[in-house]
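See structure below.
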Amino acid sequence: MIFETHAHYDDRQFDSDRDDLIRELLDGKICNIVNVGASIAGIKDSILLAEKYQQVYAAAGVHPSEIDELDEIAFAWLKEQLQRQKVVAVGEIGLDYYWEKDPQAQERQRYWFARQMDLARECALPVIIHSRDAAEDTMQVMKRIHAEEIPGVVHCYSYSPEMAKEFVKMGYYIGVGGVVTFKNAKKLKATVEEIPLERILLETDAPYMAPEPYRGKRNDSGKLAFVAEKIAMLKGISVEEVEEITRKNAETLFL
Ligand code: NI
């Protein structure tokens, strides 16, 4: 069985078949799904999905590209959502300098990233970190707020193997998805080879990041089989072992 640690089934790309698809996945090889909220609306929808399906959990956090939604009132509301039983993580939160080049806006991202990290510590929840083109600042914020005291995952990991080892040293998991099946994903393949399987989580980021041979199409958790297969190949172990260990990792972090 596969534990899907990062999907966005609240996305409108699933409007036509959301419930059929989720039921089919949970009747099949997917044992659990963490549906990750990225905006205020996404958090609400994630919680609704988690309340509807026993095996679905929600993460509640505001993505760096959506932080204009945050003020003290929204932040207090977020804190209330984190008390709900099916909310298992704060996420996704972090820094995204790929989409945001303005230094002042980047400063605001760092501010709300740190605030949401502190909130996770306060609520004793793990974090799901989104970090794109912002490796050094992500590490700097994490060191400043003592992120090693907060469990979590660096999702859709896109940096070097050396950086991955730094995150692992802080106690973090590395989220691996469809990108690992891409021909040009040399850094991610090297990362998978160099860090222990005990630190890897399987994730789709559905509807995005579909693995080969579905690259560019709508992604869903069923396609994690291709990701598990690629990791097994890189590590020279069986697919069953990859599925079992990563499932245990996810249960340890989230449940
Ligand atoms: Ni995501």
Side-chain angles (χ1 to χ4, degrees), residues 2-15 18 21-22 25 30 32-50 56-70 78 81-82 86-100 109 112-113 116-117 120 125-135 138 152-159 167 172-182 185 188 200-211 214-224 227 246 249-250 253-254:
I2 291 177
F3 195 127
E4 155 76 281
T5 62
H6 194 119
H8 302 281
Y9 288 114
D10 51 297
D11 192 281
R12 67 166 82 91
Q13 288 190 49
F14 295 108
D15 280 354
R18 180 173 296 109
L21 176 62
I22 292 175
L25 292 167
I30 305 300
N32 294 99
I33 297 169
V34 176
N35 201 84
V36 179
S39 62
I40 300 291
I43 292 168
K44 289 179 185 169
D45 289 340
S46 295
I47 290 170
L48 286 176
L49 284 173
V56 176
Y57 295 89
V62 178
H63 186 285
S65 301
E66 309 286 345
I67 47 141
D68 286 345
E69 293 188 344
L70 278 175
L78 172 61
Q81 307 317 304
L82 298 177
K86 294 293 294 286
V87 176
V88 295
V90 177
E92 55 189 294
I93 61 174
L95 304 177
D96 193 320
Y97 296 174
Y98 179 83
W99 291 110
E100 184 57 78
Q109 287 192 2
W112 286 111
F113 176 35
Q116 292 184 90
M117 289 288 288
L125 285 172
V127 290
I128 298 172
I129 295 178
H130 169 106
S131 178
R132 193 167 181 202
D133 282 3
T138 300
V153 54
V154 182
H155 120 84
C156 198
Y157 187 74
S158 61
Y159 301 133
F167 286 120
Y172 279 71
Y173 292 89
I174 302 296
V176 177
V179 175
V180 78
T181 68
F182 297 174
L188 185 57
I200 293 176
L201 296 181
L202 295 185
E203 60 166 51
T204 55
D205 210 12
Y208 310 106
M209 300 291 180
Y214 297 97
R215 191 171 179 175
K217 305 246 165 63
R218 189 184 78 168
N219 200 4
D220 67 75
S221 310
K223 298 180 175 59
L224 280 174
V227 176
T246 56
N249 297 344
L253 184 61
F254 293 119

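Read the numbers this way: they start at 1 and go in the same order the structure lists the ligands and their atoms.
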query = If you round to the nearest 0.5 Å, how far is CD1 of I128 from CD1 of I93?
reply = 9.0 Å
request  = Rounded to the nearest 0.5 Å, what's the gap from NE2 on H130 to NE2 on H155? Could you check?
outcome  =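 Between atom NE2 of H130 and atom NE2 of H155 there are 6.0 Å.
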Modelled atom types, side-chain donor and acceptor of T204 and E4, under 3.5 Å = yes
ask   = Is a side-chain donor-acceptor pair under 3.5 Å present for N35 with D10?
value = yes
key: Metal site the Ni ion (ligand 1), protein N/O/S atoms found under 2.8 Å   =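 Atoms of protein N, O or S type lying less than 2.8 Å from the Ni ion (ligand 1) total 4.
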inquiry  = Using the ring pair (Phe, Tyr, Trp, His ring centres under 6.0 Å) criterion, which residues pair with F14? Sequence neighbours excluded.
reply    = Y9
message = Any non-hydrogen side-chain atom of I43 less than 4.5 Å from a side-chain atom of V62?
response =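 Yes, side chains in contact.
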